Visitor: 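I have a structure here, written as structure tokens, and I will follow up with some questions on it.
Predicted model only: the values in this text are computed from it and were never measured.
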Amino acid sequence: MEEKRDWLQMPDEIMGGMILQRLDVDDILMSVEKVCRNWRRICKDPAMWKIIDSDHKFDGWCGGEYEDLIKHAVDRSCGELIDISLGIYGSDHLLDHITRCSSKLNRLCLIGCYAVTSSGLKDIKVIGRNCPQLKSFKMETMVMDVDIHAHAIANSMPGLRHLKLAGAIGGDDGVQAILNGCPHLESLDLCRCFYLDDLEKDFEKLCRERIKDFNL
């Protein structure tokens, strides 16, 4: 007869790194950590919160509850957060909290964060200053001060390797600023950039020569 596995006795590195981390943030904080003392101890380990993926809508959550939940997850990381994706409930306050508490942040993804306003994204320079290890930045918002943000990215995130600005850049000038300010870029995705003027053929050629993966 096959011996039954005792899930409560599995090694921490397997339970935490290979199983619990695959669950949603709300599942871990609201349910999983309440199963037993051992699981609660694992769920409080900062290593559990190095990567936070909240790029989706939590059914039944309102914006304020969601924001508090993600702030709590960020606090659990104790400054070890390296990768975070925010979905539709991302806000200016939440973005500010993340960047103030996460100096080791390597990847920041803002997809559909329509509550992140132009005022919040004026802090892009602050994000770059607070998160000097940032290598990947993805942004999809309804913000219209697009060239301002392109220049802010160019001036404050020189270490970027990957940049995606869906619907968030205004013209050739912004692209040129990014080329000049982010010399290590390996990929640049400008999909759905409705306000982007048609690039001059020579300039588009330059972009494709300079950047390995260029999506216009």
Visitor: Residues two or more places apart in sequence or in another chain: which of them pass side chain to side chain contact (heavy atoms under 4.5 Å, CB included) with Ala177?
Guide: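 With sequence neighbours excluded, Ala177 shows a side chain to side chain contact (heavy atoms under 4.5 Å, CB included) to His151, Ala154, given in chain and number order.
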Visitor: Using 0.5 Å steps for rounding, measure from the CG atom of Asp45 to the OG atom of Ser77.
Guide: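 The distance works out to 11.0 Å.
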Visitor: Out of curiosity, Asp83 CG to Leu134 CG, how far, rounded to the nearest 0.5 Å?
Guide: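 So the CG of Asp83 and the CG of Leu134 are separated by 10.0 Å.
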Visitor: Could you tell me the separation between the NZ atom of Lys50 and the SG atom of Cys78, rounded to the nearest 0.5 Å?
Guide: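 Answer rounded to 0.5 Å: 12.0 Å.
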Visitor: Kindly determine whether Arg76 and Lys44 satisfy side chain to side chain contact (heavy atoms under 4.5 Å, CB included), including the steps that lead there.
Guide: CA-CA 6 Å; Arg76 285 267 183 107; Lys44 283 191 171 184; 4.0 Å; yes
Visitor: For the residue pair Pro183 and Asn180, what are the closest heavy atoms and their distance?
Guide: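 What the structure gives for the nearest pair is CD-O, 4.3 Å.
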Visitor: Which pairs would a plain distance check flag for residues 207-216, meaning a side-chain donor or acceptor within less than 3.5 Å of a matching protein atom at least two apart in sequence or in another chain?
Guide:
unit_1 : atom_1 : unit_2 : atom_2 : d
Arg208 : NE     : Glu204 : OE2    : 3.2
Arg208 : NH1    : Phe214 : O      : 3.1
Arg208 : NH2    : Glu204 : OE2    : 3.0
Arg210 : NH2    : Leu179 : O      : 2.7
Asn215 : ND2    : Asp189 : OD1    : 3.0

Visitor: Does a side chain donor of either Arg129 or Thr99 reach within less than 3.5 Å of an acceptor in the other side chain?
Guide: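 No, no side-chain donor-acceptor contact under 3.5 Å.
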Visitor: If you look at every heavy atom in Pro132 and Ser103, which pair is closest and at what distance?
Guide: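 Answer, listing the atom of Pro132 first, then Ser103: CD-O, 3.6 Å.
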Visitor: Name every donor-acceptor pair, under 3.5 Å, that has one atom in a side chain of residues 156-165 and the other anywhere in the protein, sequence neighbours excluded.
Guide:
unit_1 : atom_1 : unit_2 : atom_2 : d
Ser156 : OG     : Ala152 : O      : 2.6
Arg161 : NH1    : Gly159 : O      : 2.8
His162 : ND1    : Ser187 : OG     : 2.8

Visitor: Report yes if some heavy atom in the side chain of Ser102 is under 4.5 Å from a heavy atom in the side chain of Val74; otherwise report no.
Guide: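 They are in contact (side-chain heavy atoms under 4.5 Å apart), so the answer is yes.
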Visitor: Mind listing the closest non-hydrogen atom pair of Arg107 and Lys138 along with its distance?
Guide: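 Distance-wise, the nearest heavy atoms are NH2-NZ, 4.0 Å.
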Visitor: Measure the shortest side-chain to side-chain distance between Trp49 and Val25 over non-hydrogen atoms and say whether it is less than 4.5 angstrom.
Guide: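 Yes; the side chains approach each other to less than 4.5 Å.
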Visitor: Could you state the interatomic distance from CG (Leu95) to CD1 (Ile84), rounded to the nearest 0.5 Å?
Guide: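 Answer rounded to 0.5 Å: 9.0 Å.
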Visitor: Taking C-beta and beyond as the side chain, do His97 and Asp75 meet within less than 4.5 Å on heavy atoms?
Guide: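 A side-chain contact under 4.5 Å exists here.
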Visitor: Are Ile178 and Leu206 connected, step by step, through hydrophobic side chains (Ile, Leu, Val, Met, Phe, Trp, Tyr) whose heavy atoms are closer than 4.5 Å?
Guide: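 Yes, one cluster joins them.
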Visitor: Answer yes or no: does atom NZ of Lys71 have more than 12 heavy-atom neighbours from other residues, nucleotides or ligands under 6.0 Å?
Guide: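 Counting other residues, nucleotides and ligands, NZ of Lys71 exceeds 12 neighbours.
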Visitor: What's the separation between atom CG in Leu86 and atom CD1 in Ile98, rounded to the nearest 0.5 Å?
Guide: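 Going from CG on Leu86 over to CD1 on Ile98, the span is 4.0 Å.
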Visitor: Side-chain contact, heavy-atom cut-off 4.5 Å: Leu105 with Ile127?
Guide: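 They are not in side-chain contact.
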Visitor: Measuring from atom NZ of Lys104 to atom CD1 of Ile82, what distance do you get when rounded to the nearest 0.5 angstrom?
Guide: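 Reported to 0.5 Å precision, the distance equals 9.5 Å.
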